[in-house]
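Step one of this worksheet: look at the structure below.
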Amino acid sequence: MTTTTARDVDFYELTEEQALLRGTLQEFAQAEIAPRASKLDETGEFPWENIKKMRELELFGIPFPPEYGGSGLDTLSYAIAIEEISRACASTGITLAAHTSLGTWPIYRFGTEAQKKKYLPALCSGEKLAAFGLTEPEAGSDAGGTKTRAVKSGNQYAVNGRKIYITNGSVCGTAVFTAVTTAGAGIRGISSFIIEKGTPGFSAGTKERKLGHRASDTVELLFENVTLPAENLLGTEGEGFKQFMMTLDGGRISIGAMSIGIAQASLDAALKYARERRQFGKAIAEFQAIQLLLADMVTEVESARLLVYQTARYKDRGGNFTRHAAMAKLKASTIAMKCANLAIQIHGGAGYMADHPVERYFRDAKLMEIGEGTSQIQMLVIAREMLREAANRPGL
Ligand code: CAA
């Protein structure tokens with residue numbers, strides 16, 4: 001299944017533009033990106049060749065307006081792009097997602113006109129990649145536990161601290177990050193900043209060795225007596241935590257999209273293998289035991305897709321989509337893990353071997369339940385939002 005069928009377009013109510021993008025990216029990703037995915041996973045080499053091709057297709061600024069060099073497309077188009085790239089290679093998918101919805105979006109959403117004009121064109125063209133520096137050793141699920149400090153003196157800030165597990169950290173040209181500007185003020189003392197590669201004292205530390213997503217760049221970011229001009233502050237002081245929470249709301253739609261990509265790739269591989277593999281004198285797809293697993297997988301993948309696509313549409317309609325983004329991520333990531341697991345099961349012993357891509361899908365799927373907030377954090381967000389909504393509805 002590598003082409004967008006008329007039924008897909010109809011069922012998911014895609015516009016002509018979205019259907020065209022989906023078809024084009026499916027063909028591109030399957031022809032150009034998928035064949036390299038296994039090798040990149042093995043070597044852990046950053047996918048620069050894919051990045052180059054994706055720049056040519058103008059994939060780095062999909063949801064940003066043309067005046068800043070973007071394509072001006074909607075969130076669903078962006079989600080479709082992440083899904084199709086991740087279906088071919090999750091390491092490349094996460095690179096694009098972290099660049100777009102985490103590293104670039106906050107500049108677009110919270111930046112001044114001067115900041116947008118300065119940074120967005122090179123990010124939208126993909127000439128520079130972007131990163132998002134939130135996580136620290138003591139600020140994981142507790143994102144407000146930031147210890148990195150930015151101390152203002154005159155018209156500049158002195159920044160010291162460390163971020164960990166940062167996607168695109170060593171390959172980025174620009175990063176946004178949080179730091180405490182008012183000590184003792186809790187999350188209201190946290191601000192966000194833009195920093196460029198090459199700023200003295202700003203460097204990438206240890207590159208992580210990972211279970212999956214091995215070709216994506218995950219490093220520490222170090223700030224050692226970095227001097228940043230006050231003009232690099234994003235928005236106003238004390239807004240950093242909320243800005244980054246809002247950024248994660250959007251990012252969680254992309255994790256949902258990546259999850260569908262991995263789940264679909266698992267289904268594609270399982271279906272192909274089940275039709276080819278013969279046991280007891282016939283293709284294993286003819287056995288009900290296998291058919292039940294395939295039926296379960298397709299139902300799960302399509303349900304997750306509906307939730308992710310609808311959340312993307314809801315975001316663009318201006319709704320408060322915090323709960324829906326958390327639900328889309330929670331559901332789609334669980335389904336990605338389940339489908340990758342079932343795909344290995346259908347492959348039997350062969351699925352456990354590195355010769356088949358399903359063991360990579362299994363390793364890549366696991367991050368979807370962790371990155372941009374664990375499944376348990378999504379449940380917490382969902383429950384809090386639901387209770388808040390209930391409190392505002394008399395009679396509930
Ligand atoms: N939008 C707007 N405002 C928000 C918000 C949102 N989504 N979420 C919280 N806020 C606001 C609240 O309204 C509140 O404001 P007031 O005080 O004015 O009422 C304030 O922020 C504090 O909110 P909480 O009390 O809910 O804050 P908390 O400390 O309890 O934390 C949390 C909430 C949901 C647990 C949050 O810390 C969280 O999301 N943690 C997970 C962090 C995470 O996802 N990290 C991923 C790192 S990035 C990554 O993984 C990328 C990668 O490379 C793959």
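Just follow the structure's listing: the first ligand is 1, and inside any ligand the first atom is 1. Just so you know, these numbers use all the heavy atoms, side chains as well, and skip hydrogens, waters and symmetry mates.
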Notebook entry, point to check: Has Gly140 got any heavy atom lying under 4.0 angstrom from an atom of ligand 1?
Noted result: yes
Check: Touching ligand 1 at all, Ser141? Heavy atoms, strictly under 4.0 Å?
Finding: yes
Between [X] and ligand 1, find which residue part has any heavy-atom pair under 4.0 Å and reply side chain, backbone, both or neither.
{"X": "Leu248", "value": "side chain"}
{"X": "Ile187", "value": "side chain"}
{"X": "Arg252", "value": "side chain"}
{"X": "Val381", "value": "side chain"}

Decide whether an N or O pair under 3.5 Å exists between [X] and ligand 1.
{"X": "Gly373", "result": "yes"}
{"X": "Thr135", "result": "no"}
{"X": "Asp249", "result": "yes"}

Checklist line | Minimum side-chain heavy-atom gap Ile166-Asp217 below 4.5 Å | finding: no
Subset of ligand 1 atoms that lie under 4.0 Å from at least one heavy atom of [X]:
{"X": "Ile377", "value": "35 (C), 39 (O), 40 (N), 41 (C)"}
{"X": "Ala143", "value": "37 (O), 42 (C)"}
{"X": "Thr167", "value": "52 (C), 53 (O), 54 (C)"}
{"X": "Leu102", "value": "51 (C)"}
{"X": "Arg188", "value": "16 (P), 17 (O), 18 (O)"}
{"X": "Gly371", "value": "50 (O)"}
{"X": "Met246", "value": "1 (N), 2 (C)"}

Next item on the list: May I ask whether atom 24 (P) of ligand 1 is less than 4.0 Å from at least one protein heavy atom?
Entry: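 Yes.
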Next item on the list: Might you check, step by step, whether the distance between atom 32 (C) of ligand 1 and some protein heavy atom is under 4.0 Å?
Entry: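 Answer no: nothing from the protein, no heavy atom, is under 4.0 Å.
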Note to self: Distance alone, cut at 3.5 Å: any donor-acceptor contact between the side chains of Gln18 and Asp74?
What the structure shows: yes
Next item on the list: Quick one: list whatever passes salt bridge (Lys or Arg N to Asp or Glu O under 4.0 Å) with Glu385, sequence neighbours left out.
Entry: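 Glu385 satisfies salt bridge (Lys or Arg N to Asp or Glu O under 4.0 Å) with Arg388 only.
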Check: In a check of side chain to side chain contact (heavy atoms under 4.5 Å, CB included) between Phe202 and each of Leu222, Thr227, Leu221, Val159, which one passes?
Finding: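 One option only clears the test, and that one is Leu221.
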Margin query: Which residue in the set Val358, Leu294, Asn341 passes side chain to side chain contact (heavy atoms under 4.5 Å, CB included) when paired with Ile346?
Written below: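 Per the side chain to side chain contact (heavy atoms under 4.5 Å, CB included) rule, the option paired with Ile346 is Leu294, out of Val358, Leu294, Asn341.
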Who's the nearest protein heavy-atom neighbour of [atom], and how far?
{"atom": "atom 3 (N) of ligand 1", "result": "Lys242 CG, 4.0 Å"}
{"atom": "atom 29 (O) of ligand 1", "result": "Phe241 CZ, 4.1 Å"}
{"atom": "atom 9 (C) of ligand 1", "result": "Met245 CG, 3.9 Å"}
{"atom": "atom 50 (O) of ligand 1", "result": "Glu372 N, 2.8 Å"}
{"atom": "atom 26 (O) of ligand 1", "result": "Arg384 NH1, 2.5 Å"}

Margin query: Please report the interatomic distance CD(Glu13) to CZ(Arg313), rounded to the nearest 0.5 Å.
Written below: 6.0 Å
Please check: side-chain N/O of [X] versus main-chain N/O of [Y], any donor-acceptor pairing under 3.5 Å?
{"X": "Lys329", "Y": "Gly373", "value": "yes"}
{"X": "Thr174", "Y": "Ala130", "value": "no"}
{"X": "Thr5", "Y": "Asp8", "value": "yes"}
{"X": "Ser71", "Y": "Leu73", "value": "no"}

Next item on the list: List, by chain and then residue number, the residues other than Ile377 in its hydrophobic cluster (Ile/Leu/Val/Met/Phe/Trp/Tyr, side-chain heavy atoms under 4.5 Å); write none if there are no others.
Entry: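 Result for Ile377 is Leu380, Val381.
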Checklist line | Cationic tip of Lys282 above Phe287 ring, under 6.0 Å, 45° of axis | finding: yes
Next item on the list: Mark yes when over 12 heavy atoms from residues, nucleotides or ligands other than Phe46 sit less than 6.0 Å from its CZ; otherwise mark no.
Entry: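 For Phe46, atom CZ is crowded (more than 12 foreign heavy atoms under 6.0 Å).
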